[in-house]
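The structure appears below as structure tokens.
This structure is a prediction, so every number in the text was calculated from the model and none was measured. The figures that follow rest on heavy atoms only: side chains count, while hydrogens, waters and symmetry mates do not.
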Amino acid sequence: MEQIVECVPNFSEGRNQATIAALVAAIKSVPGVFLLDQEMDSDHHRAVLTFAGIPAGVAEAAYQVARVATSLIDLRSHHGGHPRVGATDVVPFIPIKGATMEDCVTLARDVGSRIATELQIPVFLYERAASADHRRNLENIRKGGLEGLAERMRSDPGWSPDFGPSALHPTAGATIVGARAPLIAFNVNLQSHDLNAAKAIAKKVRFSSGGLPCVKAMGVELATRGLVQVSMNLTNFEETPIQVAFEAVKREAEERGIQVLGSEVVGLVPGAALLHAAAHCLKLEGFDRSQVLETRLERAMAGGLHEQGAAVRGVCSAGMNELSGSVTDFLETLSAGTPTPGGGSVAALAGALAASLGIMACRIGPSKQASTLKSGSVAQRLSMIEQRLLKLRTRFQNLVQADAEAYESVLRAFRLPKTEPGRAQAICAGLQVATQVPLETATVATATVTLLREVRPLVKPAVSTDLEVGIQMGIAAIEGARANVLANLKNQTNQELVAAASAKLKDIEQRLAELRCETTQTSS
């Protein structure tokens, strides 16, 4: 991958395994994205998921997991030790390789806008994506929790959301989306029940109160363990390394007669931070990261793979031979006698083909008659439609794989022993994702067919048949996706989810009828 972006969304759920499984499935459903870590904490009542991949895939996964969280997490019944304002509380994008902070700011704005528009959740941008200085820090947005944010939104124009409605979502609250540098979530557990002491120590070490640079800290109770904790975010471990933060907390605790029980890292941590800590604590002389076995092996393998890749590129042929091989591979996989990929993936592929035909027609250009009538505006309109179809095609490509992976998760849930306590919840959550994917396929296909119909009178007559094929492929995508939705709803026991999906399906069916009617009238 030439560009890699990381995303570390935090969710207000740390106790329900089935809900976390559904969130994980939503992330894994997007091609080009890799789930790296998942953390649950029942005391904080919070989950942190870490994934990375190509920017477009990471953005899609961030939206999809927020959509699932919105349907499964209800803040009205949520109580935990960690501050939060949303079901999907915070969604940061972090540049890792070949991507800039500006790239991540763009992702944050695009995903934030989509969450607001499609899920009707107010979105606030923070850190490097912030639209105002007073909203740059996460703690400022969370100040006072849901009630505090709701009051500021009602009374202060400076607290209107960047995207979405002016009031909190009734069950999902608000979502904070941004771009930031990598940070380390580092907690120190104290052998004490004294929450006030933990809060006092946190105040001493955090930068905003005159403590350590690049350290955010708060005191939290861990009720299930009978402990208190100093929970920290180290926003720049080179300014304040892990061991420095740990020693500062330990020193403040000992001054209060409290012993440190241990520490923990939440999520992932850069290897350099741990190596720095190890070298410091062991007082290693002349130590270099290249002395780490895994580092040396990774470099050697990367060099070998680079050479192999160059050789492969040298012998690969382009054009129709390559395309033929790709199509053959997919057809062989499709006919292999396994449950996936199946009809849902084919429906998404049909949509991608429809969008591709529309892109082709736009690139061939306007007809002479249309150009004469509309002057230069036709070419401009076709260019805009081409860009929209390119985005729709990318979504279809993601949905081809997403449908297969969603159905795989359903199969895994049904294979659980019937005595398994979480089996019913796992099936319900799996079916929800398996329903949402074809629903999105149908929605995207509807938008695609609408655009193809708009393109047809503007382009050269020579491509009219191609566009007709595209329209029919798009309609087939809607029909195929609809069939998958209906099949999955039959097994869904959560009637609230059934009702919501059925309502969306009814709108799609109405638009499908209109498209068929329009197509018939045009043909005749």
Check: [Y] main-chain N/O paired with [X] side-chain donor or acceptor under 3.5 Å:
| X | Y | answer |
| --- | --- | --- |
| Ser502 | Ala499 | no |
| Arg388 | Leu451 | no |
| Arg136 | Tyr126 | no |
| Asp74 | Leu72 | no |
| Arg180 | Pro92 | no |
| Arg15 | Ser42 | yes |
| Asn488 | Ala434 | yes |
| Thr175 | Thr88 | yes |
| Ser464 | Lys460 | no |
| Asp89 | Gly86 | yes |

- Item | Gln387 atom CD, neighbour heavy-atom count above 12 within 6.0 Å | yes

- Message: A quick test of your reading: do over 12 heavy atoms of other residues, nucleotides or ligands sit less than 6.0 Å from OH of Tyr407?
- Response: no

- side chain to side chain donor-acceptor pair (under 3.5 Å) pairs, two or more places apart, involving residues 342-355: none

Does the side chain of [Y] come within less than 4.5 Å of [X]'s, by heavy atoms?
| X | Y | answer |
| --- | --- | --- |
| Glu468 | Gln472 | yes |
| Leu138 | Val90 | yes |
| Val91 | Ile176 | no |
| Phe163 | Thr117 | no |
| Ser12 | Leu75 | yes |
| Thr446 | Leu512 | no |
| Val24 | Leu49 | yes |
| Gln432 | Asn494 | no |

Euclidean distance, [Y] [atom2] relative to [X] [atom1], rounded to 0.5 Å:
| X | Y | atom1 | atom2 | value |
| --- | --- | --- | --- | --- |
| Leu357 | Leu389 | CG | CG | 10.5 Å |
| Ser356 | Met473 | OG | CE | 10.0 Å |
| Arg482 | Ile508 | CZ | CD1 | 10.0 Å |
| Phe93 | Glu6 | CZ | CD | 11.5 Å |
| Leu458 | Ile385 | CG | CD1 | 6.5 Å |
| Ile73 | Glu13 | CD1 | CD | 5.5 Å |

- Message: For Lys506, is there an ion pair with Glu509 - N to carboxylate O distance below 4.0 angstrom?
- Response: no

Under 3.5 Å side-chain donor-acceptor pair for [X] and [Y]:
| X | Y | result |
| --- | --- | --- |
| Ser113 | Asp110 | no |
| Ser131 | Asp162 | yes |
| Arg511 | Thr450 | yes |

- Item | Candidate pair Asp103 and Thr100, rule side-chain hydrogen bond (donor to acceptor under 3.5 Å, both in side chains), full reasoning | CA-CA 5 Å; Asp103 293 331; Thr100 65; 3.2 Å; yes

What pair of heavy atoms forms the shortest contact from [X] to [Y], and how long is it?
| X | Y | value |
| --- | --- | --- |
| Ala355 | Arg393 | CB-CB, 4.0 Å |
| Val5 | Pro55 | CG2-CG, 3.9 Å |
| Asn491 | Leu431 | O-CD1, 3.3 Å |
| Ala354 | Leu452 | O-CD1, 3.6 Å |
| Tyr63 | Val111 | N-CG1, 4.4 Å |
| Ile478 | Ala445 | CG1-CB, 3.5 Å |

- Test log, rule side chain to side chain contact (heavy atoms under 4.5 Å, CB included), inputs Thr435 and Leu489: CA-CA 7 Å; Thr435 301; Leu489 287 180; 4.0 Å; yes

- Query: Is the NZ or CZ atom of Arg135 positioned over Phe124's six-membered ring, under 6.0 angstrom from the centre and within 45° of the axis?
  - Reply: no

- Item | Partner residues of Arg128 under the side-chain hydrogen bond (donor to acceptor under 3.5 Å, both in side chains) criterion, sequence neighbours left out | none

- Item | Which residues share a side-chain hydrogen bond (donor to acceptor under 3.5 Å, both in side chains) with Gln64, sequence neighbours left out | Glu60, Arg67, Glu440

- Query: Hey, mind stepping through Leu382 and Val455 against side chain to side chain contact (heavy atoms under 4.5 Å, CB included) and telling me if it holds?
  - Reply: CA-CA 7 Å; Leu382 288 177; Val455 165; 4.3 Å; yes

- Message: I'd like to know whether Val346 forms a side chain to side chain contact (heavy atoms under 4.5 Å, CB included) with Leu334, so could you lay out the CA-CA distance, the side-chain angles of the two residues, the decisive distance to 0.1 Å, and finally the verdict.
- Response: CA-CA 9 Å; Val346 171; Leu334 190 64; 3.7 Å; yes

- Would Met40 and Gln17 satisfy side chain to side chain contact (heavy atoms under 4.5 Å, CB included), going step by step from the backbone distance to the final call? CA-CA 9 Å; Met40 285 180 66; Gln17 291 279 359; 3.8 Å; yes

